[in-house]
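Residue numbers run from 1 in the order of the sequence given. What's counted below: heavy atoms across the whole structure, side chains too, no hydrogens, waters or symmetry copies.
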Amino acid sequence: MTLAIAWRSEGRIHLASDSRIKLGQGQFADVGIKVLGLPIVVSDTNGTGPDISIIFQSTYGFGYAGSLVNAGTFAELIGELLQHVQFLQEAHKFSFVTVCDFVVEYCSQITTAVCSFMLQHGSYEFFLTGLCPQTQRIRAAHFQFEHSPLTAKAQAKCQEILLADGEFVAI
């Protein structure tokens with residue numbers, strides 16, 4: 001069983017996890033990487049080519065517990081996508097919530113696809129942490145899934161966590 005923990009101390013957010021991955025019935029290896037850095041690069045839509053304007057660049061933290069196949073596939077996909085984000089809504093400022101909304105859409109689609117083959121064995125939860133360009137505060141969110149047996153779809157939901165020093169969440 002995987003354990004992942006997120007906690008806030010001294011204004012910073014930390015992620016930790018075990019490294020055990022299940023390879024089969026009763027077979028395990030302690031070589032899994034379950035805490036990752038995800039580079040994020042956001043540009044506006046006013047320029048093209050070398051004239052493109054970067055409005056935000058950072059590295060977000062990603063830590064998960066659960067299915068390596070599902071979470072690993074999602075982490076690879078979102079890690080690539082987050083490096084090429086264009087932000088269209090000029091009326092609203094780009095924020096951590098904007099990133100979380102984007103992640104909810106993609107992880108719901110990926111998890112639905114993977115879980116359709118793996119059934120209950122594809123479940124996972126994860127943390128996403130990073131600097132909010134709007135508030136200039138490091139923020140964290142916990143993502144979970146609701147699986148509908150009627151539609152065979154997974155719907156992600158996220159909740160902001162770790163609002164004060166000393167708080168922690170374990171999954």
Side-chain angles (χ1 to χ4, degrees), residues 1-10 12-42 57-85 96-132 138-163 165-171:
M1 175 177 272
T2 297
L3 174 64
I5 300 174
W7 71 97
R8 181 183 287 272
S9 67
E10 299 177 3
R12 299 179 66 197
I13 294 177
H14 310 271
L15 297 173
S17 179
D18 66 4
S19 62
R20 178 154 289 189
I21 56 175
K22 184 176 180 179
L23 301 171
Q25 189 63 27
Q27 298 178 322
F28 304 94
D30 293 322
V31 296
I33 299 173
K34 299 177 184 177
V35 176
L36 308 162
L38 301 176
I40 178 169
V41 179
V42 181
Q57 187 169 2
S58 186
T59 299
Y60 276 15
F62 177 86
Y64 75 91
S67 170
L68 170 66
V69 172
N70 205 342
T73 300
F74 173 69
E76 285 293 320
L77 172 71
I78 203 68
E80 185 62 31
L81 291 174
L82 286 175
Q83 294 179 64
H84 307 283
V85 176
F96 182 75
V97 172
T98 307
V99 175
C100 289
D101 290 344
F102 176 76
V103 168
V104 161
E105 288 303 315
Y106 276 93
C107 66
S108 294
Q109 293 174 30
I110 297 301
T111 297
T112 294
V114 172
C115 283
S116 69
F117 293 101
M118 298 182 70
L119 304 172
Q120 73 274 14
H121 300 294
S123 65
Y124 73 107
E125 299 177 36
F126 66 93
F127 301 120
L128 185 69
T129 67
L131 179 68
C132 176
I138 298 172
R139 296 171 74 177
H142 177 202
F143 291 74
Q144 297 175 291
F145 298 90
E146 293 177 356
H147 298 271
S148 169
L150 299 175
T151 63
K153 291 188 177 186
Q155 179 59 52
K157 61 179 182 172
C158 73
Q159 175 181 356
E160 187 165 2
I161 57 171
L162 309 178
L163 299 175
D165 274 0
E167 292 183 354
F168 72 93
V169 176
I171 55 176

So for atom [atom1], which belongs to [X], do other residues, nucleotides or ligands contribute more than 12 heavy atoms lying within a distance under 6.0 Å?
X: Glu10; atom1: CD; value: no
X: Tyr106; atom1: OH; value: no
X: Ile33; atom1: CD1; value: no

On a heavy-atom basis, which atom in [X] and which in [Y] lie closest, and how many Å separate them?
X: Cys132; Y: Phe96; result: SG-N, 3.4 Å
X: Gly61; Y: Leu15; result: C-CD1, 3.8 Å
X: Trp7; Y: Ala16; result: CZ3-CB, 3.8 Å
X: Ala140; Y: Leu162; result: CB-CD1, 3.9 Å
X: Gln83; Y: Pro39; result: CG-O, 3.5 Å
X: Ala156; Y: Val104; result: O-CG1, 3.6 Å

**OP:** Quickly, which of Phe168, Phe127, Tyr124 forms a ring pair (Phe, Tyr, Trp, His ring centres under 6.0 Å) with His142? Name it, please.
**Re:** Phe127
Measure the [atom1]-[atom2] distance between [X] and [Y] for me, rounded to the nearest 0.5 Å.
X: Gln155; Y: Phe145; atom1: CD; atom2: CZ; value: 9.0 Å
X: Ile78; Y: Phe126; atom1: CD1; atom2: CZ; value: 8.0 Å
X: Cys100; Y: Gln159; atom1: SG; atom2: CD; value: 11.5 Å
X: Ile13; Y: Arg139; atom1: CD1; atom2: CZ; value: 9.5 Å
X: Cys158; Y: Glu125; atom1: SG; atom2: CD; value: 13.0 Å
X: Tyr64; Y: Phe74; atom1: OH; atom2: CZ; value: 12.5 Å

Can you check whether [Y]'s main-chain N or O pairs, donor with acceptor, with [X]'s side chain at less than 3.5 Å?
X: Tyr60; Y: Leu131; result: yes
X: Lys34; Y: Ile21; result: no
X: Asp30; Y: Ser19; result: no
X: Glu105; Y: Asp101; result: no

**OP:** Going by the side-chain contact (heavy atoms from CB on, under 4.5 Å) test, name the single residue among Val99, Val103, Leu82, Thr59 that passes it with Leu38.
**Re:** Leu82
